[in-house]
Protein chains: 2
Amino acid sequence: MKSDHHRSPMGLTKNQTLVFGALSHAEGPLSAYAILDQLRDKGFRAPLQVYRALDKLISLGLIHRLESLNSFVACQHPECDDRESMVFAICEICGKVSELADDSLENQIKTLAKRNGFSMKTCAIELRGHCRDCRPN
Amino acid sequence: MKSDHHRSPMGLTKNQTLVFGALSHAEGPLSAYAILDQLRDKGFRAPLQVYRALDKLISLGLIHRLESLNSFVACQHPECDDRESMVFAICEICGKVSELADDSLENQIKTLAKRNGFSMKTCAIELRGHCRDCRPN
DNA sequence: ATGGCATGTGTTATAATGTAACGCAATCGA
DNA sequence: TCGATTGCGTTACATTATAACACATGCCAT
Ligand SMILES: [Zn+2]
Ligand SMILES: [Zn+2]
Ligand SMILES: [Zn+2]
Ligand SMILES: [Zn+2]
């Protein structure tokens, strides 16, 4: 019995585990091609190997895509698979990203959408500014 | 006196006027290359001619960039040059985009950021879902 | 006026990001 | 056991964005 398409502890396949590991240990967001380069010595050869793993990890809520950076981060919360609204604060100085959460904000946005006849499924919020460590003062 | 680098009514140059016109008359968002193709018979030859005009128009608040679509829309409000938070509702069926506005939402996000030690400069919010015309029912 | 600076332009080439399409293998459920 | 689903590996390609260089115009301070 060959163990379920080679799945490791969390139910991830080998490629998914490697990509998730790269993002989990990274200081900041990584582009797909940065991940590819990191994993070349693990046998990765083509962008699709990365993108397919990324798609799966996103659908599981284990990682998120930063639309304004074309890059990816590991989720910083225990459970994001049920959440509809993500909030990311991107520091324009050091590049670090923090994932914020606020349920009332999520509701307010959904209500704003509804008032405008729009039925919201998901929502991506990306802030730019300065993090605590990079304050001008 | 050669008229200020060939500027038209709004203070835009020829290229900026052409790009703004293409976005203003479009049904939905356009990619930079879609704009380039539309303007080939006006003398456009290279992506940089588009991207440079786009950069300027964005800095003037006349157009916005949709991060999750890698494309651009004309602003649907009279004045967006002072606004810090944009909200776009993107219909996943018909592709139409509406630009929403809510000052209290903007304040709430800024406050959420501040609570987390983040000093927010700008904010991009992009919703996915179904517009009024594309409701399943 | 003139020399420096900022802005806009045109061009070529290249970088960075993302997919299509094919074949194959393993698993799962009926 | 058969068909549907998911994952993998590969090649080639499509899309999005910039670097670098040369030139022109308008502005402004000396
Ligand atoms: Zn998360
Ligand atoms: Zn920082
Ligand atoms: Zn606007
Ligand atoms: Zn629609």
Side-chain angles (χ1 to χ4, degrees), chain A residues 1-20 22-23 28-60 62-73 95 124 126, chain B residues 1-20 22-23 28-60 62-73 95 124 126:
Chain A
M1 251 109 267
K2 249 1 192 85
S3 91
D4 202 358
H5 216 291
H6 317 285
R7 296 193 129 83
S8 56
M10 298 176 69
L12 301 179
T13 66
K14 173 166 150 285
N15 284 5
Q16 290 159 15
T17 303
L18 286 166
V19 169
F20 184 55
L23 284 172
L30 296 179
S31 74
Y33 280 75
I35 296 172
L36 175 57
D37 286 339
Q38 278 198 23
L39 297 180
R40 281 200 192 280
D41 53 356
K42 310 281 188 188
F44 275 55
R45 296 268 164 274
L48 261 194
Q49 297 176 279
V50 178
Y51 281 108
R52 293 201 272 225
L54 289 171
D55 286 345
K56 183 64 177 183
L57 293 168
I58 288 171
S59 78
L60 294 173
L62 291 173
I63 68 170
H64 302 293
R65 176 193 179 87
L66 294 167
E67 303 289 354
S68 67
L69 292 176
N70 292 328
S71 54
F72 305 84
V73 286
E126 299 185 15
Chain B
M1 256 116 255
K2 249 5 190 86
S3 90
D4 200 0
H5 217 290
H6 318 283
R7 296 192 129 81
S8 55
M10 298 175 70
L12 301 179
T13 67
K14 173 168 149 286
N15 284 6
Q16 290 158 15
T17 304
L18 287 166
V19 169
F20 184 55
L23 284 172
L30 296 179
S31 75
Y33 280 77
I35 296 172
L36 175 57
D37 286 339
Q38 278 197 26
L39 297 180
R40 282 201 191 280
D41 53 355
K42 310 281 187 188
F44 274 54
R45 297 266 161 270
L48 260 194
Q49 296 176 280
V50 178
Y51 280 109
R52 291 199 273 226
L54 289 171
D55 285 346
K56 183 65 177 182
L57 294 167
I58 288 171
S59 79
L60 295 172
L62 292 173
I63 69 171
H64 303 293
R65 176 191 176 86
L66 294 167
E67 302 290 353
S68 67
L69 291 176
N70 292 327
S71 54
F72 306 84
V73 285
E126 299 184 14

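Since the model is a prediction, treat every value here as computed from it, not as a measurement. All values below were derived from every heavy atom in this structure, side-chain atoms included, with hydrogens, water molecules and symmetry-related copies excluded. Naming: A, B, ... by sequence-line order, numbering from 1 per chain.
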inquiry  = Quick check: closest heavy atoms across B:Gln16 and B:Ala53, and the distance to 0.1 Å?
reply    = CA-CB, 4.0 Å

inquiry  = Nearest whole Å is fine: how far is C:dG18 P from A:Leu69 CG?
reply    = 11 Å

remark   = side-chain contact (heavy atoms from CB on, under 4.5 Å) filter on A:Ala32, not counting sequence neighbours, yields A:Val50, A:Tyr51, A:Leu54, A:Phe72

ask   = Any salt bridge (charged side-chain N to carboxylate O under 4.0 Å, His left out) pairs touching residues 42-60 of chain B, not counting sequence neighbours?
value = none

key: d(CG, B:Asp37; C1', D:dT15) in whole Å   = 12 Å

key: Integer-rounded Å distance: C:dT7 C1' and B:Asp55 CG   = 13 Å

task = Please state how far atom CD1 in B:Ile58 lies from atom C1' in D:dA17, giving the value in whole angstrom units.
result = 13 Å

request  = With pairs defined as Watson-Crick or G-U wobble and both distances under 3.5 angstrom, please note down DNA chain D as a dot-bracket string, | for pairing with another strand.
outcome  = ||||||||||||||||||||||||||||||

ask   = Would you say a side-chain N or O of B:Thr13 is under 4.0 Å from OP1 or OP2 of C:dG8?
value = no

ask   = Can you check whether B:Asn15 has a side-chain N or O nearer than 4.0 Å to OP1 or OP2 of C:dG10?
value = yes

task = If a pair satisfies side-chain hydrogen bond (donor to acceptor under 3.5 Å, both in side chains) and one of its residues is in residues 28-37 of chain B, list it, with sequence neighbours excluded.
result = B:Asp37-B:Arg40

Separation of D:dT16 C1' from A:Glu67 CD (nearest whole Å) = 14 Å

key: Interatomic distance where NZ belongs to B:Lys14 and C1' belongs to C:dT7 [whole Å]   = 16 Å

inquiry  = Between A:Lys56 and D:dT6, is there a contact of a side-chain N or O with OP1 or OP2 at under 4.0 Å?
reply    = no

task = Enter the distance from B:Leu12:CG to B:Leu57:CG here, rounded to the nearest 0.5 Å.
result = 6.0 Å

ask   = For B:Leu54 and C:dT9, what is the distance between atoms CG and P respectively, to the nearest whole Å?
value = 12 Å

note = Interatomic distance, CZ@B:Phe44 vs CG@B:Leu39, rounded to 0.5 Å, equals 5.0 Å

message = Measuring only between side-chain heavy atoms, which start at C-beta, is B:Gln38 closer than 4.5 Å to B:Leu30?
response = yes

ask   = Does the side chain of B:Asn70 get closer than 4.0 angstrom to OP1 or OP2 of C:dT17 through an N or O atom?
value = no

ask   = C:dG10 P sits how many Å from B:Gln16 CD, rounded?
value = 11 Å

request  = Assess whether one donor atom and one acceptor atom, taken from the side chain of B:Tyr33 and the base of D:dA17, lie less than 3.5 Å apart.
outcome  = yes

ask   = Residues from residues 43-52 of chain A sitting under 4.0 Å of DNA chain C, heavy atoms only?
value = A:Pro47, A:Leu48, A:Tyr51

Just list the side-chain donor-acceptor pairs under 3.5 Å for residues 62-69 of chain A, sequence neighbours left out, or say none.
from	atom 1	to	atom 2	distance (Å)
A:His64	NE2	A:Glu99	OE2	3.0
A:Arg65	NE	A:Glu67	OE1	3.1
A:Arg65	NH2	A:Asn70	OD1	3.3
A:Ser68	OG	A:Glu126	OE1	2.5
A:Ser68	OG	A:Arg128	NH2	3.0

remark   = Residues A:Ala22 and A:Ile35: closest non-hydrogen pair is CB-CG2, 4.4 Å

